[in-house]
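Below is one structure, written out as structure tokens, with a few remarks after it.
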Amino acid sequence: MNTQENITWNNNTPSSTQFEDVYYSTTDGLAETQNVFILGNQLPQRWQQQKTFVIGETGFGTGLNFVATLAQWEKSAPQHAQLNYISVEKYPLSKRDIKKALNHWSELDRYVDELLQVYPSDVAGFHRLKLLKDRVSLTLMIGDAKQMYRQLIATVDAWYLDGFAPSRNPGMWSVELCKEIARLSQPGTTFSTYTAAGQVRRNLHHAGFNVSKVAGHGKRERLCGSFNQTPNLISQAPWFHPPNLPASNRKKAIIIGGGIAGISMAHTLSQSEWQTIILEQEDRVAAQASGNKAGIVMPKLTLDMDKYAQFHLSAFFYTVSWLRNLQSRQPSLDWHPDGVLELVDKQRGTQLAKLKLSKQVMQALDAEQASLYAGLTLEKNALFFPTAGWLAPANLCTTLLKDNPEIHVALNQKVSSLQQDADNTWHVSTQTKSYTADVVVICNGPSADQFQQTKHLPITPSRGQISDLKQTASAPTLLRPICYGGYVIPLSKNELLCGASYTSDDKTVALKKEDHDHNIKALRQHLPDLLTEQPQAHEGRAATRATTIDRLPLIGPVANESFYRIAYQDIKHGKRPHTFPLAQYHSGLYIASGFGSRGLTTAAIAAELVTNLINNKPLTLNTTLYHAIHPARFLIRTLRKQ
Ligand SMILES: Cc1cc2nc3c(=O)[nH]c(=O)nc-3n(C[C@H](O)[C@H](O)[C@H](O)COP(=O)(O)OP(=O)(O)OC[C@H]3O[C@@H](n4cnc5c(N)ncnc54)[C@H](O)[C@@H]3O)c2cc1C
Ligand SMILES: C[S@@+](CC[C@H](N)C(=O)[O-])C[C@H]1O[C@@H](n2cnc3c(N)ncnc32)[C@H](O)[C@@H]1O
């Protein structure tokens, strides 16, 4: 994290003491941004021709280039245009410093406010942020430019190369970074930069760019140019290579399943002008796992911050920001981001504190502090996640539909089969009708493996039950949810929801006394002071989760199983990855399932990722995490072992 000591201020204009350079021109930073980066890439003209546009930047710094681009884009881009802006920052500025640095230009105030509202914590990795009513996606990668861009899957239309001076900040202009920039470019991709340094010119030229020297802002010269080579499709994991969906004018998508996964999917897809229809077998939405009275949205950390923890942290950040945006438009959203406590033993608490996550993300509390946050005496230490919270899943589903009335929902439509004809149109059959679409997204929870195309996916149903408990007047008032393996949520002053039992390979949904007993026993064991009497739980709800063996969901394109079995049969012999062909999928068929016990935290990022894949837009997750949740991973694991 950039600290105050790394920045010096001269008339509210910041400089880096580490790199001994200014963040933007001291004479007129905004004019330089406009001339060098925006006009230097001919953006206003190009935005007229390209409805969705991708900008990549090296060095987010104060965000001046970003907010200036937003202002220009709003002025000149067509009404339904969408902008993807990708940037990287190894030493993120604090919100306070950004505000101070961008205070010179009142015409940017509105955009600065939008940026500050979504500006993320300094946790390393990708942060996908939405601005200007979700028309703009900002992917802010916190970390080293070379490492972060290496993990990006995207095709960029224009680059802003804006590291500090090449002599002082060579890492931002290195051969390796220029190669990554080239990998993410296509013929016609442009770049522009303020420098004319010879080393930069040579590195970009070797990476495949035509480079010209032109008059710069003020007296200096600067470089600009365009990519002039065919993209290099060599992949280190060709079996996970993203599909290339042929552009279709019809843009019609069918979503199978009206739970949180399906409804988030329809909501996100329809924002990029897809006409969406949800086919739901029941007579209402949120009728199965997504129909509980309440559930918790929080990250799940591990000591080594493995892929599981990284994915859940990314999903958590995305979902919290997504819910905040939704609640600002739809105040009836039943979302309570007042923080969640997780009881931990002392050793685990101390170890997790060493992750040094910012206080906005997690605080390690001793039992006394934790008791104050809980509203009752706790015997254990706890982790406090201040931006986590609880929501009512069915209310989230109906709020999303209300937020976008164009989503069509067809109830009592149980899908039985999927077929694709020669012109790639999908035919989706229910007991009474056949629907057609260009794209189908399978979001039907534990039944997602019911189709001929998905039967190879290892999804296990797992039963879960929650219990509704009434609190007596003398019992303490629980202030926020507490997790302890199970969890308890204060629905109101005298009503608690606790859960959740877990029985693998069980699809039954009738309430069971032994599951209530299990939930209450766990609650009494961990929070003995919460219940003053032995509660009688008669109410509750049971449903089926869709789980996978590695506890990560299945999100992405559906593999063509027979192609995989032939094309990758030699994978076990250790042949080099790039010698294998690129993956083949059922064109236009995607899945988002296997959310296990965490779908409320992960369904939104799944919707974003699948929408990115369908629209060929920058992926919201880095390559490692995209591979970790890729639906073909189990096929590949099997082929490696055979
Ligand atoms: C007891 C319990 C407690 C939980 N607590 C939490 C929590 O605190 N936090 C959290 O993040 N997660 C929690 N979860 C998990 C979370 O509820 C799920 O991960 C999430 O609801 C899954 O959403 P989904 O849309 O994938 O599945 P579902 O909500 O099950 O939706 C699938 C939909 O598909 C429909 N469908 C199925 N087959 C067909 C077909 N052939 N044709 C048409 N429609 C079909 C179904 O009717 C259903 O409506 C809990 C789950 C349970 C069971
Ligand atoms: C000239 S400033 C960028 C200014 C920025 N575009 C703006 O609009 O304010 C260069 C930025 O690159 C960042 N940086 C330097 N080395 C980096 C690296 N190796 N990886 C990522 N960011 C780096 C610096 O912290 C600094 O914020």
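In listed order, ligands and their atoms are each counted from 1.
Nearest to atom 49 (O) of ligand 1 among the protein's heavy atoms is Glu280 OE1, 2.6 Å. Scanning the protein heavy atoms around atom 42 (N) of ligand 1, the nearest turns out to be Val415 N, 2.9 Å. Of all protein heavy atoms, the one closest to atom 7 (C) of ligand 1 is Ile296 N, 3.5 Å. The protein atom (non-hydrogen) at minimum distance from atom 30 (O) of ligand 1 is Ala289 N, 3.3 Å. What sits closest to atom 16 (C) of ligand 1 on the protein, heavy atoms only, is Gly599 N, 4.0 Å. The protein heavy-atom contact nearest to atom 18 (C) of ligand 1 is Gly596 O, 3.8 Å. Closest protein heavy atom to atom 5 (N) of ligand 1: Tyr487 OH, 2.8 Å. For atom 27 (O) of ligand 1, the nearest protein heavy atom (residue, atom name, distance) is Gly445 CA, 3.9 Å.
Every N/O-N/O distance between Tyr23 and ligand 2 stays at or above 3.5 Å. Checked against a 3.5 angstrom limit, the closest N/O atoms of Gly59 and ligand 2 fall inside it. Checking only distances, Thr62 does come within under 3.5 Å of ligand 2, N or O to N or O. Taking only nitrogen or oxygen atoms, main chain and side chain alike, Ile466 does not reach within less than 3.5 Å of ligand 1. For the pair Phe19 and ligand 2, the shortest N or O to N or O distance does not fall below 3.5 Å. At under 3.5 Å, a nitrogen or oxygen of Asp144, whether backbone or side chain, sits near a nitrogen or oxygen of ligand 2.
Put simply, the side chain of Ser501 never gets that close to the backbone of Gly464: no donor and acceptor are under 3.5 Å apart. The backbone N or O of Arg545 lies less than 3.5 Å from no partner atom in the side chain of Ser462, so there is not a single donor-acceptor pair. Using modelled atom types, no side-chain atom of Asn622 and backbone atom of Gly125 make a donor-acceptor pair closer than 3.5 Å. Side-chain atoms of Ser416 come within 3.5 Å of backbone N or O of Ser429 as a donor-acceptor pair. Judged by distance alone, with hydrogens and angles left aside, the side-chain atoms of Ser16 form a donor-acceptor pair with the main-chain N or O of Phe19 at under 3.5 Å. No side-chain donor-acceptor contact under 3.5 Å links Asn41 to the backbone of Ala158. Using modelled atom types, one side-chain atom of His312 and one backbone atom of Tyr308 make a donor-acceptor pair closer than 3.5 Å. With Asn65 contributing its side chain and Thr33 its backbone, the two residues share no donor-acceptor pair below 3.5 Å.
Atom CZ of residue Phe316 and atom CZ of residue Phe385 lie 8.0 Å apart, to the nearest 0.5 angstrom.
Note on ligand 1: Ala603 sits outside its first shell, no heavy atom being nearer than 4.0 Å. Look at Gln450 and you'll find a heavy atom under 4.0 Å from some atom of ligand 1. Heavy atoms of Gln413 come nearer than 4.0 angstrom to ligand 1 in at least one pair. Contact annotation: Gln18 has no heavy atom less than 4.0 Å from any atom of ligand 2. Residue contacts with ligand 1 include Ser597, since one of its heavy atoms falls under 4.0 Å from the ligand.
Within the 4.5 Å cutoff, no side-chain heavy atoms of Ile407 are placed close to those of Ile255.
Atoms of ligand 2 found under 4.0 Å from any heavy atom of Gly143 (numbered from 1 in listed order, with element): 20 (N), 21 (C). Atoms of ligand 2 found under 4.0 Å from any heavy atom of Phe60, numbered from 1 in the order shown, are 5 (C), 6 (N), 7 (C), 8 (O), 9 (O). Residue contact check: Ala145 has heavy atoms under 4.0 Å from atoms 18 (C), 20 (N), 21 (C) of ligand 2. In the vicinity of Leu64, heavy-atom distances shorter than 4.0 Å reach the ligand 2 atoms 7 (C), 8 (O), 9 (O). In the vicinity of Gly464, heavy-atom distances shorter than 4.0 Å reach the ligand 1 atoms 1 (C). The distance from ligand 1 to the heavy atoms of Gln465 drops below 4.0 Å at these ligand atoms: 1 (C). Of all the atoms in ligand 2, the ones that sit under 4.0 Å from a non-hydrogen atom of Asn169 are 15 (C), 16 (N). Listed by number with element, the atoms of ligand 2 under 4.0 Å from a non-hydrogen atom of Asn65 are 6 (N), 8 (O). Interface of Gly63 with ligand 2, defined as ligand atoms under 4.0 Å from a residue heavy atom, comprises 7 (C), 8 (O), 9 (O). Listed by number with element, the atoms of ligand 2 under 4.0 angstrom from any heavy atom of Tyr91 are 25 (O).
Under the 3.5 Å distance criterion, with hydrogens and angles disregarded, a donor-acceptor pair is assigned to the side chains of Ser25 and Thr27.
If you run side chain to side chain contact (heavy atoms under 4.5 Å, CB included) between Val297 and each of Thr387, Thr319, Val340, only Thr319 comes through. The ring pair (Phe, Tyr, Trp, His ring centres under 6.0 Å) test with Tyr24 singles out one residue from Phe164, Trp105, Phe37, Phe66, and that residue is Trp105. A side chain to side chain donor-acceptor pair (under 3.5 Å) with Gln465 is found for exactly one of Lys512, Arg541, His516, namely His516.
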When you look at Tyr502 and Thr547, which way does the side-chain contact (heavy atoms from CB on, under 4.5 Å) test go after all the steps? CA-CA 11 Å; Tyr502 193 103; Thr547 61; 3.3 Å; yes
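Nearest to atom 21 (C) of ligand 2 by heavy atom, out of Lys90, Lys146, Arg168, is Lys90.
A centroid separation of less than 6.0 Å is found between the aromatic rings of Tyr149 and Trp159. Aromatic ring centroids of Tyr160 and Phe191 lie 6.0 Å or more apart.
Under 4.0 Å from ligand 2, the heavy atoms of Glu57 that appear belong solely to its side chain.
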